[in-house]
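Below is one structure, written out as structure tokens, with a few remarks after it.
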Amino acid sequence: MLVPPSLRSARLLNVASRSRTGRYDRLIDSLLLPRAIVLVCVILLAGLNSLIVQQVVEGRKEALVRGDEAQTLQHRALLSQIQQTLNLYEYVVSDLAGRRDTPALNDELGRLVALDAKLLALLVLSRDGRIQHWSGEGPLPEVADREYFTALRDDPLRRLYIGPVRSSRAHPDRWFFSLSRPVRALDGSLDSVIVAIIDLSVFNRDLAEALAVEGAGLGIIKTDGHVITRLPIVTDRPMEERVKLPADLPPVGSSPGMLKRESVSPFDKALRRQTWTYLPDHELWVITSITRDRMLSLWWSGVKDAIPLWVALNLVLIAGALAMLAASRRNLRNMRALQDLTARLETQASVDPLTGAYNRRQFDVLADLELKRTRRHGGNVSLLVLDIDFFKKINDEWGHPEGDKVLHAVVQVIRGRLRSTDILARFGGEEFIVLMPHTDLEQAQIVAETLRQCIAEAHTQPGLAQPRPVTASFGVATLRPDETRLSDLIRRADIALYEAKRKGRNRVEVDPA
């Protein structure tokens, strides 16, 4: 069949038209599809990169917040420990001030020094700076030129003085700082001075054990710039050091509380996040600090790990998404690590790490609440203070690790005989304290006698081939109706404890109330 030329031409035109249209569609598709994919990838990459940047920024902020919280908890824990130490020695010199004419006082001073490793010496000075009583032996050193005497002699209004770091004249190669208290006659003239000489190396060792945050620093500075201590220690040998305090610190009489600042450290001239607290009773600034780099170290370690993957993210979408996920997981782990550190510091701020009993700071908080409840609702509250007898001898003969086991074992014995409402705390060294609500003096005496017998009969040295008995002395007191302060109740129980020691130890003495 013959096809007319006109129809054949029309068919060819239709085929060519369809062919050109298909090629145009494929060309448009080949141009638009990659652009769409690129646009989608760009949008996804921009969104993901924006999300990553946001997470990095938020993670940095969170790390700073967590680091600041950890540093604040560290500051409170160290501040509490420092205050407890200074208050203890203030109590010791105040107690000795009333017994400075006691016969055989030198023996008593020597006994007190032997009970506390941080005490290098105890002195009772005359009004002209001569040593009247001393815990040491041998020739009496000349101390009339020491600041712990001259500062009190020259300032009749000063009731307490913390002396700067000095080298000991009686103990070669030992360094100390002092806490001294004047005893004045009725006319206000200086009668005598009681001095506690505190071994700087032991004092620093105890503080260093509590400095849990890696990279953190601690400083104790007098208002005149004399440095009592600084941690971490930068030299093997202590020295007399003085720094210039920041000019913008508030006046010491304004009670600023905890002062946070980010500035150059007076010690190493590095930029640090610092927390300052002024102790008005002792005229000391306590400073804890940490560098911003240390606060961001966990966060930055995660960021550094994510950088190569983040770069790959801009090349391959899937690799970038995985990098973001990996970085998020690392940041989560780092946040959990900071949370764990915060939890450990919270525990450190309230619990003694060796024995598991409450520390003095937490005891003060719980005891204050209990005393308020008692004054509001009525009832009895009793308190007992106990001290392990001859604990220094235990450390000397068996070693400090065995001494630590004894402390832990004694706490377990005590805790097993107390009620859930009783409050047990480590008061310092080998001394413990128990507050017993709803307990009168007679009941408290029975509890103390039971604890004394249980401690003496307990097997407290499981690591020794031939265990020796460990004993403790107890002082018991009950809250009087007119008493409002916990310190008064503790003081009376302490007096009873000293009486128990004086009468031979391993006994219970009761405050007559």
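Here the CE atom belonging to Met436 is positioned 5.5 Å from the OG atom belonging to Ser382, to the nearest 0.5 angstrom. Considering CZ of Arg426 and CD of Glu431, their distance stands at 11.0 Å, rounded to 0.5 Å. Rounding to the nearest 0.5 Å places CG of Leu78 at 12.0 Å from CD1 of Ile287. Going from atom NE2 of His282 over to atom OG1 of Thr223 covers 13.5 Å, rounded to the nearest 0.5 Å. Once rounded to the nearest 0.5 Å, the distance linking CG of Leu179 with CG of Leu122 reads 10.5 Å. Atoms CZ and CG, on Arg130 and Leu123 in that order, are 14.0 Å from each other to the nearest 0.5 Å.
For the side chain to side chain contact (heavy atoms under 4.5 Å, CB included) with Phe432, the lone residue among Val385, Thr355, Asp387 that qualifies is Thr355.
With no hydrogens or angles considered, a side-chain donor-acceptor pair links Lys260 and Thr72 at under 3.5 Å. Side-chain contact annotation: Gln81 with Thr85, donor-acceptor N/O pair under 3.5 Å absent. Under 3.5 Å, the side chains of Thr421 and His438 contain no donor-acceptor pair of N or O atoms.
Nearest heavy-atom pair, Asp389 versus Ser473, reported as atom, atom and distance to 0.1 Å: OD1-OG, 2.7 Å. Val406 and Ile394 get closest at one heavy-atom pair: CG2-CG2, 4.2 Å. Shortest non-hydrogen contact noted between Glu483 and Thr478 is OE1-O, 4.3 Å. Taking both residues in full, the closest heavy atoms of Trp276 and Pro246 are given as CH2-CD, 3.5 Å, listed atom of the first, atom of the second, then distance. The two residues Ser178 and Ile197 have their closest heavy-atom pair at CB-CD1, 4.0 Å.
Residues Ser80 and Gln84 have side chains in contact (heavy-atom distance under 4.5 Å, counting atoms from C-beta outward). Using a 4.5 Å heavy-atom cutoff, the side chains of Thr229 and Leu200 are in contact. By the 4.5 Å heavy-atom criterion applied to side chains, Arg159 and Glu90 are counted as neighbours. Side-chain contact between Asp281 and Leu160 is absent, with no heavy atoms from C-beta onward closer than 4.5 Å. Inter-residue side-chain proximity for Phe474 and Ile455 is flagged as met; some heavy-atom pair is nearer than 4.5 Å.
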What side-chain donor-acceptor pairs closer than 3.5 Å can you find for residues 148-157, not counting sequence neighbours?
unit_1: Thr150; atom_1: OG1; unit_2: Arg146; atom_2: O; d: 3.3
unit_1: Asp155; atom_1: OD1; unit_2: Leu157; atom_2: N; d: 3.1

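Annotation: salt bridge (Lys or Arg N to Asp or Glu O under 4.0 Å) contacts of Arg99 (sequence neighbours excluded): Asp95, Glu108. Considering only residues two or more places apart in sequence or on other chains, Glu449 meets the salt bridge (Lys or Arg N to Asp or Glu O under 4.0 Å) condition with Arg452.
Taking the charged nitrogens against the carboxylate oxygens, Asp364 and Arg360 do have a contact shorter than 4.0 Å, which makes a salt bridge. Salt bridge annotation for Arg480-Asp511: present, with a cationic side-chain nitrogen under 4.0 angstrom from a carboxylate oxygen. Salt-bridge annotation for Lys222 and Glu147: absent, with no side-chain N of the basic residue lying under 4.0 Å from a carboxylate O of the acidic one. A salt bridge between Arg166 and Glu240 is present, with a side-chain N of the basic residue lying under 4.0 Å from a carboxylate O of the acidic one. For the pair Arg184 and Asp191, the salt-bridge criterion is not met [side-chain N within less than 4.0 Å of a carboxylate O].
By the 6.0 Å contact criterion, CD on Glu137 is open, its count of non-hydrogen atoms from other residues, nucleotides or ligands being 12 or less. Heavy atoms of other residues, nucleotides or ligands lying less than 6.0 angstrom from CZ of Arg76 number 12 at most. Counting non-hydrogen atoms of neighbouring residues, nucleotides and ligands closer than 6.0 angstrom, the CZ atom of Phe176 exceeds 12 such neighbours. Around the NZ atom of Lys372, the shell of radius 6.0 Å holds no more than 12 heavy atoms that belong to other residues, nucleotides or ligands. Annotation: Arg485, atom CZ; neighbour count of heavy atoms from other residues, nucleotides and ligands within 6.0 Å does not exceed 12.
Between Phe203 and Phe177, the ring planes are perpendicular. Angles over 60° get that label, and only those under 30° would be called parallel.
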